[in-house]
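Single-structure report; data block below.
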Amino acid sequence: MSSLKTPSTFIEGPTRLGKAELAALVAADIPDGAFVNLGIGQPTLVSNYLAPDSGVTLHTENGMLGMGPEAHGDDVDPDLINAGKIPVTELPGASYFHHADSFAMMRGGHLDICVLGAYQVSARGDLANWHTGEPGAIPAVGGAMDLAIGAKDTFVMMTLQTREGQSKLVEACTYPLTGVGCVSRIYTDVAVFLIDRDGDHGGGGDGSVVVRETHGVTFEELEGLVPVPLRRP
Amino acid sequence: MVTITQSALDAVADIPDGATVLIGGFGPAGQPVELIEALVETGTRDLTVVNNNAGNGDVGLAALIGAGRVRKVICSFPRQHDSHQFDAKYRAGEIELELVPQGNLAERIRAAGAGIGAFFTPTGYGTPLAEGKEVREIDGRHYVLELPIRADYALVKAHRADGVGNLTYRKTARNFGPIMAAAATTTIVQVHEVVPTGAMDPEVVVTPGIYVDRVVVVPTAATPRPEEDQ
């Protein structure tokens with residue numbers, strides 16, 4: 001259940017967001033003091049934009065709370081890595097724990113937010129982000145399924161469209177699912193979407209998705225890009 | 001009663017063909033490379049290996065897979081930029097893969113060590129990885145039945161042991177070590193150093209010696225270089 005507030009004003013920005021701007025936007029939406037998991041890859045950029053005094057604690061699935069920035073030079077310790085297996089540092093107040101505890105922490109609903117990438121997200125918050133299902137592709141899932149259903153809020157960071165121009169926000173996922181009804185927000189280069197999982201954004205479960213803001217497109221143009229009904233807040 | 005030895009080869013010598021072996025580590029961190037490479041040397045075959053990944057580069061688990069000793073891998077994340085040994089065997093149809101969501105993998109191992117017969121977890125519900133498994137709705141939420149992963153042997157890397165097999169770990173290299181140590185009939189641990197019994201503060205023991213059968217001292221245990229992806 002989301003503890004995050006639904007904004008009542010709709011924002012239209014002039015230009016599409018780059019990766020850094022998107023990461024900054026997600027960071028600005030993370031409440032002070034939250035416990036957060038940033039997955040691997042693009043979402044880890046969010047940590048660059050968290051204010052040092054925000055009191056946000058980063059969790060890494062391989063068994064640590066209080067993860068610090070990427071390690072360089074003499075700070076590199078092969079025993080201290082993040083979920084992407086990149087050397088990191090520890091902050092004051094950090095703790096280590098084994099894998100079953102780390103995933104109990106997720107599954108038990110103790111993390112406030114996780115941020116993940118996606119191949120597709122459906123209008124009702126189903127997530128597909130682990131396998132394309134293509135013949136010959138070697139499947140790998142890691143902690144995505146545990147994170148997606150475990151955190152109180154699951155944010156997705158992705159481009160709205162594939163390279164071929166298809167919307168990744170879909171009516172129903174065609175790729176194999178990671179989790180059912182688990183995504184609460186989608187941050188993309190052209191819009192931020194709020195999924196109405198429990199009618200908590202006032203949609204009454206009509207299958208429509210709330211658009212909090214657009215960037216480089218108007219609301220009407222956005223409606224032409226995605227195959228699901230949209231609403232302003 | 002724990003046995004302490006300097007020889008990785010002696011420690012793994014009785015692992016038979018067809019054994020199920022839990023191998024600690026998350027990528028290179030915490031991977032008991034010297035124990036695995038001793039297993040390569042003994043020539044043991046048809047192994048079922050449980051690890052988070054399926055080997056990095058050409059050392060440790062990757063070497064064991066490359067040598068054709070592994071019949072089946074149970075893991076959460078086999079595909080990595082440096083998993084070429086596994087990728088080749090998988091594409092050639094020479095290795096079986098059971099893909100398990102990471103938290104289910106950890107909890108199934110934990111369950112085995114804790115004497116739990118099975119458990120219901122929300123992870124994976126509605127996904128292909130729950131197909132064919134029993135589902136139950138409890139208080140309005142859906143759960144999938146998962147079974148424990150028991151093993152004949154566990155190979156674990158810890159930081160320090162004392163004379164009775166109590167263990168401490170270093171940072172994120174702890175990962176699967178404590179739960180794997182508890183889930184195997186015989187647990188073999190490589191450590192950087194052994195301290196005298198009584199020299200380890202009981203308050204900081206992570207794995208109590210009851211779970212440990214053999215300790216191998218590998219003072220300069222090499223850790224493979226971390227690579228920049230999962």
Side-chain angles (χ1 to χ4, degrees), chain A residues 39-41 60-64 67 70-71 76-90 94 96-109 126-128 130-131 133 136-150 175-182, chain B residues 26-30 52-54 56 75-80 83 86-87 90-91 97 99-107 109-111 113-114 121-130 142 159 169-180 206-207 222-230:
Chain A
I40 57 168
T60 182
E61 66 184 20
N62 48 320
M64 180 188 196
M67 178 174 65
E70 201 173 311
V76 171
D77 180 339
D79 286 343
L80 180 46
I81 60 175
N82 67 12
K85 305 191 172 77
I86 295 167
V88 290
T89 52
E90 66 184 30
Y96 297 107
F97 31 84
H98 65 62
H99 242 73
D101 277 352
S102 186
F103 282 79
M105 218 172 268
M106 289 179 197
R107 211 188 296 111
D126 294 350
L127 171 66
W130 67 282
H131 188 31
I138 298 175
V141 64
M145 289 186 178
D146 307 273
L147 270 176
I149 59 98
Y175 287 133
L177 288 188
T178 305
V180 177
C182 55
Chain B
F26 179 85
N52 188 60
N53 303 104
N56 303 80
C75 77
S76 86
F77 210 91
R79 187 191 65 224
Q80 303 165 97
S83 60
F86 172 82
D87 298 356
Y90 183 78
R91 295 214 159 95
L97 170 65
L99 192 71
V100 182
Q102 204 167 320
N104 288 1
L105 185 69
E107 194 63 15
I109 295 165
R110 197 199 69 81
T121 174
T123 302
Y125 169 72
T127 77
L129 298 187
H142 290 92
H159 180 52
Y169 299 83
R170 267 198 91 240
K171 303 179 185 285
T172 59
R174 179 183 307 192
N175 57 66
F176 286 89
I179 53 174
M180 286 185 169
V206 176
T207 296
T223 306
R225 287 192 64 78
E227 299 291 345
E228 291 203 351
D229 77 354
Q230 176 141 353

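In what follows, every chain begins at residue 1, and chains take the letters A, B, ... in the order their sequences are listed. Since we're looking at a predicted model, the values are computed, not measured. What you see below is based on every heavy atom in this structure, not just the backbone, and it leaves out hydrogens, waters and symmetry mates.
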B:Ile109, part contacting chain A, at a heavy-atom distance under 4.5 Å: neither

Per-residue contact mode, A:Asp126 against chain B (heavy atom under 4.5 angstrom): neither

B:Lys171 side chain near A:Ile81 side chain, heavy-atom distance below 4.5 Å: no

Side-chain donor/acceptor of A:Arg107 to backbone N/O of B:Pro122, under 3.5 Å: no

Crowding at OH, A:Tyr175 (>12 non-hydrogen neighbours, <6.0 Å): no

Working for ring pair (Phe, Tyr, Trp, His ring centres under 6.0 Å), residues A:His99 and B:Phe26: CA-CA 10 Å; A:His99 242 73; B:Phe26 179 85; 5.7 Å; yes

Heavy-atom side-chain contact between B:Arg170 and A:Asp77 under 4.5 Å: yes

Heavy-atom closest pair, residues B:Pro101 and A:Met145: CG-SD, 3.7 Å

From CG (B:Asn52) to NZ (A:Lys85), nearest 0.5 Å: 6.0 Å

Spacing of CG belonging to B:Asn175 relative to CG belonging to A:Asn62, to within rounding of 0.5 Å: 7.0 Å

Closest non-hydrogen atom pair, B:Arg91 against A:Gly136: NH2-O, 3.2 Å

Which atoms of B:Val100 approach chain A - backbone, side chain, both or neither, heavy atom under 4.5 Å: backbone

Approximate separation, where rounding is to 0.5 Å, of A:Ile149 CD1 and B:His142 NE2: 13.5 Å

Minimum heavy-atom distance B:Gly126-A:Leu177, with the two atoms named: O-CD1, 3.7 Å

From CA spacing to verdict: side chain to side chain contact (heavy atoms under 4.5 Å, CB included), A:Trp130, B:Leu129: CA-CA 11 Å; A:Trp130 67 282; B:Leu129 298 187; 3.9 Å; yes

Check: A:Gly63 main-chain N/O paired with B:Arg174 side-chain donor or acceptor under 3.5 Å: no

Winner by heavy-atom pair count (cut-off under 4.5 Å) against chain A, out of B:Cys75, B:Ser83, B:Pro178: B:Pro178

Between NE2 on residue A:His98 and CZ on residue B:Arg110, distance to nearest 0.5 Å: 8.0 Å

Min side-chain heavy-atom separation B:Glu107-A:Phe103 under 4.5 Å: no

B:Tyr169 portion near chain A, given a 4.5 angstrom heavy-atom threshold: neither

Heavy-atom closest contact (B:Arg79 atom, A:Ile138 atom, distance): NH1-O, 2.8 Å

Evaluation steps, side chain to side chain contact (heavy atoms under 4.5 Å, CB included), between A:His131 and B:Leu99: CA-CA 12 Å; A:His131 188 31; B:Leu99 192 71; over 6 Å; no

Side chain, backbone, both or neither of A:Ser102 within contact of chain B (heavy atoms, under 4.5 Å): neither

Contact winner vs chain A - B:Gly177, B:Ala106, B:Ala130, heavy-atom pairs under 4.5 Å: B:Ala106

Atom of A:Asp146, atom of B:Gly103 and distance for their closest heavy-atom approach: OD2-N, 3.0 Å

Options A:Gly179, A:Pro139, A:Pro176, ranked by heavy-atom pairs under 4.5 Å with chain B, top entry: A:Pro139

